[in-house]
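The next block holds one structure in the form of structure tokens; read it before the comments.
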Amino acid sequence: MVDVQECAEAESMALSHEVEQFLYNEADLLDSWRLPEWLELFVPTGVYLIPATDKPGGDPAKDLFLVQDDRFLLEQRINSLMRRAAHAEYPHSRTRRLITNVRVTPDEDGRLKVAANFAVFRMRSGTMDTYVGYYNHVVDRNELGEFRFHVRKSILDLDALRPHGKVSIIL
């Protein structure tokens, strides 16, 4: 006889593994500066958010965010970053992302809430900056069964952005 709890746990583990692979693939796209491909990981109404360091739980409708991009603004950001005129990122920084402690929770809309910890190392001009924080994403599957972001939220644990005071890469 098949144990229902064992089946549910196996399904949960399989889903967690799939989401982890999605996040690892996303990290590879970003570290490889394949930003146009990365943009395809968003639904048309998707948003990319980075709250201010002094208000990590802020509401994008009321509070100042470091990044608060809808799909149009995200396309503009990517187009800018891919041009030579983007002095903050030309030549492109080298980055390396570590993603850990991935947790997946289905919500009432059939979407998935994905939480994970991250460390992004940015190397440029002989300097290394480290961005540490956690993700709070909302994803679901498209008609092909592939995960897509509705909300991609990067929350920094830093109390300030040093030394440059801005985020010029995708976290």
Side-chain angles (χ1 to χ4, degrees), residues 16 19-20 22-39 41-43 45-83 85-105 107 111-140 147-171:
S16 291
V19 170
E20 287 173 352
F22 170 72
L23 294 178
Y24 299 156
N25 178 60
E26 181 211 16
D28 183 54
L29 291 174
L30 291 169
D31 287 342
S32 302
W33 281 86
R34 296 181 354 234
L35 301 183
E37 289 176 63
W38 174 76
L39 182 61
L41 299 179
F42 284 80
V43 299
T45 58
V47 295
Y48 169 52
L49 304 170
I50 304 176
T53 57
D54 64 340
K55 201 159 192 179
D59 177 353
K62 299 179 202 169
D63 301 312
L64 181 65
F65 271 51
L66 297 172
V67 175
Q68 186 177 350
D69 289 356
D70 61 12
R71 178 65 184 245
F72 174 78
L73 291 173
L74 194 50
E75 287 175 13
Q76 300 306 307
R77 180 181 301 276
I78 288 170
N79 289 338
S80 174
L81 285 170
M82 297 306 289
R83 288 193 201 118
H87 299 291
E89 286 303 330
Y90 195 85
H92 298 312
S93 297
R94 288 184 318 158
T95 59
R96 190 63 56 216
R97 292 155 210 284
L98 304 177
I99 301 167
T100 65
N101 200 22
V102 177
R103 289 137 359 252
V104 180
T105 308
D107 73 9
R111 295 179 179 167
L112 301 174
K113 293 180 180 179
V114 177
N117 298 333
F118 71 83
V120 179
F121 301 93
R122 174 186 181 249
M123 288 70 65
R124 181 172 170 82
S125 303
T127 303
M128 184 171 73
D129 296 316
T130 304
Y131 300 89
V132 177
Y134 58 99
Y135 294 129
N136 274 339
H137 303 323
V138 177
V139 302
D140 72 359
F147 291 114
R148 294 293 179 257
F149 289 110
H150 285 269
V151 177
R152 186 185 186 285
K153 188 173 184 182
S154 305
I155 300 136
L156 291 165
D157 285 335
L158 309 173
D159 59 0
L161 293 174
R162 293 186 194 102
H164 41 74
K166 64 182 178 180
V167 178
S168 60
I169 58 170
I170 304 290
L171 291 180

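Residue numbers run from 1 in the order of the sequence given. Bear in mind that the values here come from a model prediction, so they are computed numbers and not experimental data.
When atom types are taken as modelled, the side chain of W33 and the backbone of S93 share a donor-acceptor pair closer than 3.5 angstrom. Checking side-chain atoms of Y48 against main-chain N and O of S154 turns up no donor-acceptor pair under 3.5 Å. With hydrogens and angles disregarded, a donor-acceptor distance shorter than 3.5 Å links the side chain of H137 to the backbone of K153.
A distance of 10.0 Å separates CG of D70 from CG of L49, quoted to the nearest 0.5 Å. Here OG1 of T100 is found 10.5 Å from CZ of F118. Values are rounded to the nearest 0.5 Å. Atoms CG and CE, from D129 and M123 in turn, are 10.0 Å apart once rounded to the nearest 0.5 Å. Atom OH of Y24 and atom CG of D31 lie 13.5 Å apart (nearest 0.5 Å). Atom CD of E20 and atom CZ of R103 lie 11.0 Å apart (nearest 0.5 Å). In this structure, OG1 in T95 is found 12.0 Å from CZ in R124, a value given to the nearest 0.5 Å.
A 4.5 Å side-chain heavy-atom check between N101 and Y134 finds every atom pair outside the cut-off. Side-chain contact between L73 and Q68 is absent, with no heavy-atom pair separated by less than 4.5 Å. Between L171 and V67, every side-chain heavy-atom pair lies at or beyond the 4.5 Å cut-off. Put simply, the side chain of V19 reaches to within 4.5 Å of the side chain of F147, judged on heavy atoms. Within the 4.5 Å cutoff, the side chain of Q76 has no heavy atoms near those of the D69 side chain. Annotation: side chain of R122 is in contact with side chain of E89 (closest heavy-atom distance under 4.5 Å). With contacts defined as side-chain heavy-atom distances shorter than 4.5 Å, the pair L30/V120 does not qualify.
Among all heavy-atom pairs drawn from G58 and P60, the shortest one is O-CD, 3.8 Å. Across V102 and A116, no two heavy atoms sit closer than the pair CG2-CB, 3.9 Å. Nearest heavy-atom pair across V138 and R111 is CG1-CD, 3.8 Å. Of all the heavy atoms in R77 and I170, the pair that sits closest is CD-CD1, 3.9 Å. Contact between A115 and N136 at its shortest, heavy atoms only, is CB-OD1, 3.8 Å. The shortest heavy-atom contact between A52 and L64 is CB-O, 3.6 Å.
Each of R97, R148, R152 was checked for a salt bridge (Lys or Arg N to Asp or Glu O under 4.0 Å) with E26, and the lone residue meeting it is R152. For the ring-ring contact (aromatic ring centres under 6.0 Å, His included) criterion with F149, the lone passing option out of Y135, F22, W38 is F22.
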For this session: Evaluate the criterion side chain to side chain contact (heavy atoms under 4.5 Å, CB included) for residue pair L39 and R71; output intermediate values, then yes/no.
Result: CA-CA 9 Å; L39 182 61; R71 178 65 184 245; 3.6 Å; yes

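No salt bridge links D107 with K113; every basic N to acidic carboxylate O contact stays at or beyond 4.0 Å.
The environment of CZ in R34 is crowded: more than 12 heavy-atom neighbours from other residues, nucleotides or ligands sit within 6.0 Å.
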